[in-house]
2 protein chains.
Amino acid sequence: MAAIQTVKGFRDFFPEACAKRNYIQSVWTSVARRYGFVEYETPVLENTELYKKKSGQEIVQQLFYFEDKAGREVAMRPEVTPGLARMITARQMGYKKPMKWFQMGSCFRYEEPQEGRSREFIQFNADIIGDGSGAADAELVGLAIDLMREFGFTEEDVVVRLSNRQIWVEYMERLGLDELQQSVLMQVVDKLERVKPEVSEARLKEIGLSLVELKLFMTEITAAHPVFAELRMNLEARGLWSFVKIDASIVRGLAYYTGCVFEVFDLKYDLRALAGGGRYDQLNALMSDGHVDLPSVGFGMGDVVVGLLLDRCADAKLKMDNAVTNALGCDVYVALADEGKRFEALKLIQQLRDDLRLKVEYSMQPLKLNKQFQMAEYLKAKWAIVVGSEYPELQVKKLSTRESRTVNLSEIAETLR
Amino acid sequence: MAAIQTVKGFRDFFPEACAKRNYIQSVWTSVARRYGFVEYETPVLENTELYKKKSGQEIVQQLFYFEDKAGREVAMRPEVTPGLARMITARQMGYKKPMKWFQMGSCFRYEEPQEGRSREFIQFNADIIGDGSGAADAELVGLAIDLMREFGFTEEDVVVRLSNRQIWVEYMERLGLDELQQSVLMQVVDKLERVKPEVSEARLKEIGLSLVELKLFMTEITAAHPVFAELRMNLEARGLWSFVKIDASIVRGLAYYTGCVFEVFDLKYDLRALAGGGRYDQLNALMSDGHVDLPSVGFGMGDVVVGLLLDRCADAKLKMDNAVTNALGCDVYVALADEGKRFEALKLIQQLRDDLRLKVEYSMQPLKLNKQFQMAEYLKAKWAIVVGSEYPELQVKKLSTRESRTVNLSEIAETLR
């Protein structure tokens, strides 16, 4: 057995890790629902063709793909958008627009594992489908910010770096750049912060631009730019604008973004982006060969980087730790002082679990009373109830205060409330 | 796009289907937690070796397996037990026994899809690790029954068919059957109800037995058999024994079961088993090459057959449908009677979502008031709040009764409670 390990880049979720994962998912779910998003899920396995259609042949390098036994080329989902586009194309007629949909689930990329990046990660995606307005952009960015707030992150911890591809479209048209040159420029801007100036300068020269020119243009892109006016007023009304910083370097490498684009970053630890997305008004038409043409805006957030930041921000970590303790602990430990009353204890346990819906633990094996109390502590029980020869008189102990009282069986529900 | 379909046997979860899936998962989770089980999860992808180790070379036919880019043979998990055994072996030292663990997640089998069986299904597993007692068997069977009860199934709907492999072990020893003959007998018993008597008779003849002899022995296996005494008293104390029927034909084909075995069936629709499991006291030792020797008992339940039964039992369906409506609907629809008050409305929406944690929807686009009310109905809103020129006076309407009243903004929280 020592020889059989997890597959490289894949994670075992032991109960503590699983409770953290569940906490992250519960935050995603509860905030998305408050925003009126409903949950869906695409299959974990799709025809490889689907991913090539969106991202071209290169995506295959990053896929876990294989031929199934019938010779079909299939791949484990590396992202959700293509599957969503497939689902929308199939059934969008049945839904009023806009559709506000979210999904959570594992995605898989064949990349070198490193901090903030594993081969399997859990991705949250939220999309507003069928609304091309700035109000929809605001609703989506608002959701991203309120997710951060619900985790316990403040404006001191995270920032939404936001821009709009329309600004670049107009700039590139003004310069008369062709499609290939536009793609070069977007790549240069996307990597501006990560590569040396000489490298950017050299690539810009190819398309007849200089770094000075580019940077001059970028300084014009501020919160005062009219393209941001509606978004700003909308998020100001919600009290969320303080999380946003206009940043012209955010273009999101992918070709399919058409308007608002944003990424969420932490401000202190230089982690990878926590989330990213934007408006993609033409992708559904591309994916459906023109059958469905719905303007959309969406973003994704992975569990790995969020998890790293949760561990580092004290207030957010406290919130998570409380949720984890709650998930792992029980409400009541029923201790047996008299083995002869085991069946009476089982009846009580069933009542507590079934009628009061409490998390109840007990020792299935006969055990000394002090050992049972040790287990109660280990299991983080809030209450201990001792069943002994005085049954139906019970000893009820609140473990945080060590307060103890004698209660009749018939009063137990009342006592625990 | 019309050409790109889901992979055969894989499911799209549109919001309605996803809400049903989530309902099933929420029942699994809440009951398992009340029983003191904590959640874990094994990876979706494991080294193929792991599954061969438990089930032999034949399992490979049923696996979605492939070589990854580094030449490793990997497989999508067909079941959870081998991954659990791997996790236990790695870290069981860190946990007090017994460990009561549950997991939910997709499993994958390359089989012909048919009613109640798809290539991807969601499996719930619960295991008690490190307790070899009948009390642990009872706790686990109790959980299986209470899961059924929580779904809304009664003794009229489902039955736990239960037996104990020890009875067969003793019988086979008495007959002096060797290992191969024992395996033949267990296969015959396992398939007794599904194959023609002549087929069973022929196979029994190979090992020197007759069908009459076998059936005679099986009639001796009743609830009065001493092997069931502890389990019966235990489940009677909980009021759950009425769900159990002793049934000697339940042996669970798999070789590794050593004691209590059971399967849960519906009583009216002849569906596949809803759940099945039992005691496997030697499997952890096998999987860990003898490093870890922990007696265990566990069972699995898939989402597909449970889903079929939920659709057919009226009371259970009503419970599910309510949960689904609740998941898909919103609490409050904020309607805008005066477009000039949009930012005031957004502020109110933020307050309702953030302070009151309500699910709030509204129209991002300007829309006639009657159209907004149509959307409120479509989104199953409980309340509508109309923001108009009288702001901060608001019109609050309870949509179930059409009751309407005028409320000041400052009283809104009070009004909705």
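In what follows, chains carry the letters A, B, and so on, assigned in the order in which the sequence lines appear, proteins first and then strands, with residues in each chain numbered from 1.
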Where does [X] contact chain A at under 4.5 Å (heavy atoms): side chain, backbone, both or neither?
X       : answer
A136(B) : both
E344(B) : neither
Y95(B)  : both
M375(B) : side chain
F14(B)  : both

Side chain, backbone, both or neither: which part of [X] has an atom under 4.5 Å from a heavy atom of chain B?
X       : result
F343(A) : both
R11(A)  : backbone
A70(A)  : both
I128(A) : side chain
L358(A) : backbone

Using a strict cut-off of less than 4.0 Å between a Lys/Arg side-chain nitrogen and an Asp/Glu carboxylate oxygen, indicate whether [X] and [Y] qualify as a salt bridge.
X       : Y       : answer
R357(B) : E150(A) : yes
E120(B) : R77(A)  : no
D12(A)  : R86(B)  : yes
E41(B)  : R21(A)  : yes
K69(A)  : E111(B) : no

Heavy-atom check, side chain of [X] versus side chain of [Y], under 4.5 Å:
X       : Y       : answer
M76(B)  : F66(A)  : yes
N22(A)  : E39(B)  : yes
Q365(B) : D131(A) : yes
F37(B)  : E361(A) : no
F64(A)  : V74(B)  : no
K347(B) : R238(A) : no

Could you state the interatomic distance from [atom1] ([X]) to [atom2] ([Y]), rounded to the nearest 0.5 Å?
X       : Y       : atom1 : atom2 : value
I4(B)   : L50(A)  : CD1   : CG    : 5.0 Å
Q5(A)   : E49(B)  : CD    : CD    : 12.5 Å
M364(B) : N234(A) : CE    : CG    : 10.0 Å
N326(A) : R33(B)  : CG    : CZ    : 9.0 Å
C330(A) : R34(B)  : SG    : CZ    : 14.5 Å
F10(A)  : T42(B)  : CZ    : OG1   : 11.5 Å

I need the residue from [options] with the largest number of non-hydrogen atom pairs under 4.5 Å to chain B.
options                          : answer
S30(A), P15(A), A237(A)          : P15(A)
G290(A), P43(A), A135(A), G36(A) : P43(A)
K8(A), R91(A), R72(A), M233(A)   : R91(A)
E139(A), R342(A), Q61(A), E46(A) : E139(A)
V31(A), L379(A), L240(A)         : L240(A)
V332(A), V38(A), D331(A)         : V38(A)

Who wins among [options] for the most heavy-atom pairs under 4.5 Å with chain A?
options                           : value
V292(B), L348(B), D68(B)          : D68(B)
Y65(B), Y110(B), Y40(B), W101(B)  : Y110(B)
S106(B), C18(B), A345(B), A327(B) : C18(B)

Worksheet item: Considering all heavy atoms of both residues, which atom of Q350(B) and which atom of Y35(A) are nearest to each other, and what is their separation?
Response: OE1-OH, 3.7 Å
Item to complete: Identify the heavy atoms of D354(B) and D146(A) that sit nearest to each other, and give their distance.
Response: OD1-OD1, 4.1 Å
Fill in: Whether over 12 other heavy atoms sit under 6.0 Å from K97(B) NZ
yes
